[in-house]
Number of protein chains: 2
Amino acid sequence: MAAGTSSRRERLRRATLEEIHTAARRLLVEQGSAAVTINAVARQVGMSGPALYHYYASHDELVGAVTADFFHELATAMEGARDARADAPVGERILAVCRALRAWASTHPAEFGWIFASPITPSNRRPDSVRHQAGQRFEHVLLDLTVELWRTRPFPVPDLADLPESLREQLTAYSAAIDGRLPPEAAHVFLSCWTRLYGLLCMEVLHQLDFAYSDLEPVFEECLRDLADTLDL
Amino acid sequence: MAAGTSSRRERLRRATLEEIHTAARRLLVEQGSAAVTINAVARQVGMSGPALYHYYASHDELVGAVTADFFHELATAMEGARDARADAPVGERILAVCRALRAWASTHPAEFGWIFASPITPSNRRPDSVRHQAGQRFEHVLLDLTVELWRTRPFPVPDLADLPESLREQLTAYSAAIDGRLPPEAAHVFLSCWTRLYGLLCMEVLHQLDFAYSDLEPVFEECLRDLADTLDL
DNA sequence: TAGGCTGGCTTAGGGGTAGTAAGTAACCAT
DNA sequence: ATGGTTACTTACTACCCCTAAGCCAGCCTA
């Protein structure tokens with residue numbers, strides 16, 4: 001009842017949830033992902049193991065919720081970079097968002113690594129899971145900007161007829177999935193860019209490039225220059 | 001003693017080791033990476049848990065050994081593709097090896113995913129670990145071919161002076177690490193290609209592209225065309 | 001051939017995990 | 001005041017990694 005749309009109980013619950021997330025994150029950052037167990041988290045917040053099941057139905061669900069937090073924080077950082085230059089040309093905003101993405105990944109390696117490393121269990125793959133929702137919000141930041149770019153300053157695209165049929169079908173499906181805001185051939189360019197950018201970060205965070213690089217910042221910048229070329233920025 | 005360099009005991013031990021690997025792999029493929037536990041593997045081969053410590057000092061070591069197996073199998077597949085066309089131009093062999101890489105990854109998703117997903121613990125990062133050795137063998141297949149390409153049909157490279165200094169330093173270090181078989185600017189091109197190729201597979205296997213693609217074969221082929229362009233094949 | 005060493009295996013157990021079940025105590029609304 | 005909901009507890013199952021201690025068979029040597 002009352003105004004605040006939150007009873008005392010709700011407020012307490014919310015506070016506890018936040019405390020749980022904070023504890024889980026601390027364990028992740030300080031002791032690695034394996035340390036984020038139901039019991040350890042419960043100990044951190046000062047309750048005994050099974051009590052946590054009043055907040056999450058399973059370990060998976062806790063993992064999903066924490067992952068969703070990270071996605072939201074990352075998306076917020078990217079949106080911040082975008083809105084800080086709201087009047088700049090869209091190309092400039094795209095680059096700023098990409099840099100914000102890497103900046104967050106660099107300053108939060110444990111959290112960013114967790115996003116990849118934590119296996120996406122079936123329950124977290126369901127489209128209505130908090131994890132999936134948050135992932136979508138994250139993905140849409142760059143997608144929306146690309147749509148804006150496509151509308152105001154279309155970038156070069158390949159001829160759809162030149163693409164193999166199986167790819168064409170998948171792109172058509174994806175184009176439909178994003179409500180046709182990009183035609184298949186533009187979606188193709190977007191996905192290529194996304195794949196390169198995100199793939200680079202993915203490998204960095206999974207230490208798959210340690211054998212050659214110690215600092216990927218210049219590599220990332222070069223990747224950005226490539227993308228700027230592709231998008232004709 | 002004797003000729004065969006293997007006593008009866010050694011032979012038995014080798015057989016048991018193979019049985020252990022087979023059991024671990026079966027558990028991985030059939031029930032996922034979490035099912036590959038010391039106890040479960042031991043049960044599979046018909047012994048009780050602690051007996052496995054006569055073969056591996058820890059769970060990590062078992063994981064590392066199985067991962068090494070996968071690397072070797074993958075490297076063998078790639079080398080097979082290379083040697084099946086021993087007389088073909090080196091560019092053709094490179095493409096064949098890349099396709100063999102993806103073919104193995106596609107037909108062995110659990111094993112290929114395990115290579116990424118299984119966290120590289122400190123002990124498995126030591127350069128003398130079986131896991132590290134096997135990883136190197138895998139990496140060297142394409143590196144060696146690129147070196148051959150560079151020697152016989154040099155591909156276009158950027159001017160080293162145009163690269164940012166931090167990148168230049170890292171490339172110089174890497175060039176030295178591979179005994180100067182590629183100069184820094186050629187190493188840069190090689191690493192760019194490697195990053196794109198492997199990054200794509202990495203994202204595929206970690207289901208980071210499921211939101212857009214269901215079959216990455218044509219995407220991979222397009223990536224290969226790009227690489228062929230870059231390497232002037 | 002007898003004794004000892006070694007390697008392969010066992011059971012028992014310590015300390016951890018996820019998750020269930022059942023019971024208690026506090027809060028809240030009627 | 002009462003009854004329902006919520007938050008939490010302890011106790012438990014079943015599993016995990018790993019250590020310790022001991023049994024036993026095969027091999028090596030004397």
Side-chain angles (χ1 to χ4, degrees), chain A residues 1-21 23-24 27-28 30-67 117-119 121-124, chain B residues 1-21 23-24 27-28 30-67 117-119 121-124:
Chain A
M1 281 237 118
T5 178
S6 77
S7 68
R8 167 178 160 70
R9 274 216 166 131
E10 269 179 73
R11 265 177 294 128
L12 279 180
R13 189 181 181 81
R14 227 180 292 278
T16 307
L17 279 170
E18 202 184 312
E19 208 181 337
I20 290 172
H21 285 210
L27 284 167
L28 167 65
E30 294 178 0
Q31 299 175 238
S33 64
V36 185
T37 68
I38 293 274
N39 286 321
V41 171
R43 263 197 305 275
Q44 282 271 321
V45 305
M47 52 170 105
S48 266
L52 241 153
Y53 288 88
H54 278 268
Y55 298 92
Y56 295 104
S58 67
H59 183 249
D60 271 2
E61 204 177 294
L62 170 61
V63 166
V66 172
T67 309
S118 70
T121 59
S123 89
N124 277 319
Chain B
M1 288 233 112
T5 181
S6 77
S7 67
R8 168 178 158 72
R9 271 212 168 135
E10 269 179 74
R11 265 177 294 127
L12 279 180
R13 189 180 181 82
R14 227 181 292 277
T16 307
L17 279 169
E18 200 184 313
E19 208 181 338
I20 289 172
H21 286 211
L27 284 167
L28 167 66
E30 293 177 0
Q31 297 174 240
S33 63
V36 185
T37 69
I38 292 272
N39 287 318
V41 171
R43 263 195 304 276
Q44 283 270 322
V45 305
M47 51 170 105
S48 265
L52 241 153
Y53 287 88
H54 278 267
Y55 298 92
Y56 294 105
S58 68
H59 183 250
D60 271 3
E61 204 177 293
L62 170 62
V63 167
V66 172
T67 309
S118 72
T121 59
S123 89
N124 277 320

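All values reported here derive from a predicted model rather than from experimental measurement. Chain A is the first sequence line, chain B the second, and so forth, proteins listed ahead of strands; every chain is numbered from 1.
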Starting at atom NE2 of B:H59, determine the distance to atom C1' of C:dG16, rounded to an integer number of angstrom. 15 Å
From CG of B:N39 over to C1' of C:dA12, roughly how many Å is that when rounded to an integer? 14 Å
Going through the checks in order, is the side-chain contact (heavy atoms from CB on, under 4.5 Å) test met by B:I38 and B:Y56? CA-CA 10 Å; B:I38 292 272; B:Y56 294 105; 5.8 Å; no
If you look at every strand shown and take non-hydrogen atoms under 4.0 Å, does A:Y56 touch a base, only sugar-phosphate, or nothing? nothing
Please confirm whether any donor atom in the side chain of A:H54 sits under 3.5 Å from an acceptor in the base of D:dC8, or the reverse. yes
Between C:dG19, D:dC8, D:dT19, spot the one nearest the side chain of B:P50, thanks. D:dT19
Rounded to whole angstroms, how far apart are CZ on A:R43 and C1' on C:dG15? 11 Å
Would you mind classifying the nucleic acid contact of A:S58 as base, sugar-phosphate or nothing, using non-hydrogen atoms under 4.0 angstrom? sugar-phosphate
DNA chain C nearest-nucleotide lookup for B:M47 and A:D60: closer to the 5′ end is B:M47
Separation of B:Y53 atom OH from D:dA20 atom C1', in whole Å? 13 Å
I'd like to know if the side chain of A:D60 pairs up with that of A:S123 as donor and acceptor (distance under 3.5 Å, no hydrogens or angles considered). no
Would you say a side-chain N or O of A:R13 is under 4.0 Å from OP1 or OP2 of D:dT6? no
From OH of B:Y55 over to C1' of D:dC18, roughly how many Å is that when rounded to an integer? 18 Å
Any side-chain heavy-atom pair from B:V63 and B:V36 closer than 4.5 angstrom? no
Calculate the interatomic distance between B:L12 atom CG and D:dC27 atom P; express it in whole Å. 9 Å
Closest to the A:S48 side chain, choosing from C:dC9, C:dA18, D:dT9: D:dT9
Starting the side chain at C-beta, find the nucleotide from C:dC9, D:dC18, C:dA18 nearest to A:I38. C:dA18
